[in-house]
Amino acid sequence: MAETNFAPEEEKQSLNFIEAIVEKDLAEGKNNGKIQTRFPPEPNGYLHIGHAKAICIDFGIAQKHGGICNLRFDDTNPIKEDVEYVDSIKEDIQWLGFQWGNEYYASDYFQELWDFAVALIKNGKAYIDEQSAEEIAKQKGTPTQAGTDSPFRNRPVEESLALFEKMNTGEIPEGAMVLRAKIDMASSNMHFRDPIIYRVIKHPHHRTGTTWKAYPMYDFAHGESDYFEGVTHSICTLEFVVHRPLYDWFIDELKKIRPQDGEYRPRQYEFNRLSLTYTVMSKRKLLQLVQEGLVNGWDDPRMPTLCGYRRRGYTSDSIRNFVKRIGYTKFDGIIDVALLEHSIREDLNVKAPRVSAVIDPVKLIITNYPEGQVEMMEAINNPEDESMGSHEIEFTKELYIEREDFMEDAPKKYFRLTPGQEVRLKNAYIVLCTGCKKNAAGEIEEIYATYDPMTRSGMPDSNRKVTGTLHWVSAEHSIPAEVRLYDRLFLAENPSEEKDKDFRELLNPDSLQILTNCRVEKELSKAKPLDSFQFQRLGYFNVDPDSKDGKLIFNRTVPLKDTWSKIKNKE
RNA sequence: UGUCCCAUGGUGUAGUGGUAGCACAUCUGAUUUUGGUUCAGCCAGCCUAGGUUCGAGUCCUGGUGGGACAACCA
């Protein structure tokens with residue numbers, strides 16, 4: 001390559017707004033020039049692809065600037081939480097390719113939060129309210145109407161202190177009293193109208209057991225936890241924008257009683273949540289699908305959970321690339337699921353070996369091929385990557401081909417088998433279709449063809465131009481398999497305005513189709529769980545972990561782009 | 001009758017006040033031992049009205065439209 005006097009243009013990669021803020025803060029020496037983030041899931045469900053977006057920015061931005069990102073479980077509500085979720089969350093983060101610095105729990109700070117709450121009470125900035133949830137809600141007012149003060153708002157500090165103590169001993173029933181911060185019942189921000197910061201929960205906590213009976217609310221735990229840990233940039237989704245003033249309020253109060261070095265101060269930044277067309281993303285609804293048995297668990301390949309995508313054959317690379325493509329903004333949009341599909345095809349195209357499988361078999365008999373003869377044909381594993389080598393596949397007189405690859409009366413543009421037309425059998429011979437046999441019901445039972453011995457792959461005559469190429473397997477040597485086809489649409493339509501409509505009514509009834517009579521080439525008996533393959537034109541498939549000796553199950557990760565069906569539909 | 005956030009092709013995103021770019025989707029053509037892949041190309045955009053400025057997608061103001069906020073959830 002000729003040398004030039006010009007340095008190669010440094011690739012300009014635009015920063016998203018969060019990266020821009022971080023770089024500016026770092027340049028200005030804020031927080032002593034440090035960056036620290038956290039990924040703060042509540043362990044009440046499995047991670048989904050929306051979390052992947054958060055994970056990529058939380059971990060990615062710390063990594064990029066030499067900081068650390070901690071994993072912090074926001075476990076302040078024992079009723080909904082469980083260690084099952086803790087374990088799955090850790091597994092999924094690692095699968096995505098990230099490693100946290102420290103593993104923290106909001107429950108680690110229960111004592112410190114308690115002390116902070118006590119300090120607030122002593123400063124006259126918190127009080128025990130003994131009203132019912134309904135009364136408190138009523139007094140809160142509406143977004144357009146100021147709230148009214150609780151009759152307990154100005155009770156003596158000593159009284160609140162004593163009652164707060166009791167909230168944690170077990171003698172106060174759930175719901176009988178709460179601790180509220182005393183801020184401003186007329187604030188235009190609803191979260192400032194004396195927010196509840198502690199409530200009584202008697203359900204044992206998955207980590208602290210029955211030590212505590214009073215638990216802090218999210219707003220009273222999140223910012224404080226960030227402050228305790230030294231988080232500099234607390235990145236979350238847009239619905240927390242309205243919480244930010246409260247986040248700041250608590251940290252300001254906390255700073256007064258627990259000053260830290262320098263100018264350190266955590267700040268919250270919010271980005272747009274991921275929503276995907278035809279996809280259920282809410283944790284609540286996903287839990288409902290699992291609990292009602294509408295799917296086969298959190299890792300059902302139709303689920304948008306990370307374990308679901310993993311089981312379906314999505315790679316973590318493809319998900320990270322997808323996240324990179326969609327970006328981070330403050331605009332509430334909806335991403336076309338086609339973009340996700342493009343990301344996985346792009347990745348699997350390079351990684352997945354091409355193998356032969358017939359999912360809807362019909363017999364093709366090569367009438368002029370010698371009975372009992374077996375030829376080993378070479379099959380290139382991946383034309384995109386020579387280093388992946390090749391394997392062999394048995395060719396015999398009786399084969400299976402795809403039922404849709406034969407038509408007795410074919411339209412002009414049909415490139416496949418039809419009487420009188422020649423096609424290439426992939427990696428093997430060119431064959432000429434001579435006819436078929438039908439049963440009484442008119443269904444095709446067998447298809448007949450003759451082969452041209454001079455057209456075996458690699459031979460001189462094999463260059464002859466034919467209309468199409470078909471995949472096939474030997475009837476005798478192929479092995480049975482089950483194939484699960486997932487429709488690209490989990491929902492038949494996008495969830496929208498009609499929020500009241502039960503989303504279960506939107507579930508696509510054809511989201512899963514199980515084919516049990518499939519035949520795959522023998523080579524696949526060596527495949528291991530989660531291995532991915534391209535079944536030629538049928539798409540990308542992976543081995544389901546439920547496959548047991550003798551029973552192979554494949555999930556279709558994603559079909560190939562299908563231009564044939566477009567042509568077909570036009571006619 | 002509130003506060004806050006947002007508005008760039010069909011979708012999602014870039015754009016120090018100076019030629020609006022990228023990806024996906026769609027469509028067209030070339031290549032192809034799978035109608036895939038790869039390559040080339042087409043179509044298509046700054047919500048609106050004012051203001052500031054030599055110059056506005058960018059700054060200001062008013063509209064319009066969308067979203068968030070009234071859990072003892074996070």
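Note that the coordinates shown come from a computational prediction; the quantities given were computed from them, not determined experimentally. Numbers restart at 1 for each chain; the letters A, B, ... are given by sequence-line order, proteins then strands.
- In this structure, Phe535(A) reaches neither bases nor backbone, as no heavy-atom distance under 4.0 Å exists between it and the strands shown.
- No contact: Lys283(A) has no heavy atom under 4.0 Å from any strand.
- Note on Gln131(A): a base of the nucleic acid sits closer than 4.0 angstrom, heavy atoms only.
- When heavy atoms are screened at a 4.0 angstrom cut-off, Tyr198(A) is found touching no nucleic acid atom at all.
- Across all strands, His342(A) comes closer than 4.0 Å only to sugar-phosphate atoms, never to a base (heavy-atom distances).
- If you take atom P in C46(B) and the same atom in G12(B), they sit 16 Å apart, rounded to whole Å.
- Proximity note for Asn77(A) (side chain, C-beta onward) versus C73(B), A7(B), C69(B): the nearest is C73(B).
- If you take atom C1' in G21(B) and the same atom in A14(B), they sit 7 Å apart, rounded to whole Å.
- Taking every side-chain heavy atom of Lys566(A) into account, U26(B) is the closest of C72(B), A68(B), U26(B).
- Of the options Arg244(A), Arg273(A), Lys330(A), a salt bridge (charged side-chain N to carboxylate O under 4.0 Å, His left out) to Glu239(A) is made by Arg273(A) and by none of the others.
- Nucleic acid contact for Arg345(A): none, since no nucleic acid atom lies under 4.0 Å from a heavy atom of the residue.
- With hydrogens and angles ignored, no donor-acceptor pair closer than 3.5 Å exists between the side chain of His191(A) and the base of A71(B).
- Taking the P atoms as reference points, U58(B) lies 11 Å from G18(B), given to the whole Å.
- The one candidate from Tyr198(A), Tyr215(A), Phe116(A), Phe220(A) that meets the ring pair (Phe, Tyr, Trp, His ring centres under 6.0 Å) condition with Phe110(A) is Tyr215(A).
- Residue Gly468(A) is classed as having no contact, given no heavy-atom separation below 4.0 Å to the nucleic acid.
- Rounded to whole Å, the C1' atom of G29(B) lies 48 Å from the corresponding atom of A68(B).
- Inter-residue side-chain proximity for Ile319(A) and Ile344(A) is flagged as unmet; no heavy-atom pair is nearer than 4.5 Å.
- Residue contacts shown for Glu42(A) are limited to sugar-phosphate atoms, with no base heavy atom under 4.0 Å away.
- Stacking between Phe415(A) and G35(B) is shown: the ring centroid lies under 5.5 Å from the centre of the six-membered base ring, and the planes differ by under 30°.
- Residues Phe250(A) and Leu120(A) are in side-chain contact: their nearest non-hydrogen atoms beyond the backbone lie under 4.5 Å apart.
- Proximity of Ile183(A) to Leu246(A): side-chain heavy atoms (C-beta onward) are separated by under 4.5 Å at one or more points.
- Note on Leu340(A): nothing from the nucleic acid sits closer than 4.0 angstrom, heavy atoms only.
- Between the side chains of Gln268(A) and Ser234(A), no donor-acceptor pair is found at a separation under 3.5 Å.
- Within the nucleic acid shown, Ser187(A) has no heavy atom closer than 4.0 Å to any nucleic acid atom.
- Among the atoms of the strands shown, base atoms are found under 4.0 Å from some heavy atom of Asn427(A).
- In the interface, the side chain of Ser457(A) is paired with the base of U33(B) through a donor and an acceptor atom under 3.5 Å apart.
- Scanning RNA chain B for stems, defined as runs of 3 or more consecutive Watson-Crick or G-U wobble pairs whose donor-acceptor distances all fall under 3.5 Å, gives the following ranges: B:2-7 with B:64-69, B:10-13 with B:21-24, B:27-30 with B:38-41, B:47-51 with B:59-63.
- At a cut-off of 3.5 Å, with distance as the only test, a side-chain donor of Asp75(A) or Ser107(A) sits close to an acceptor on the other residue.
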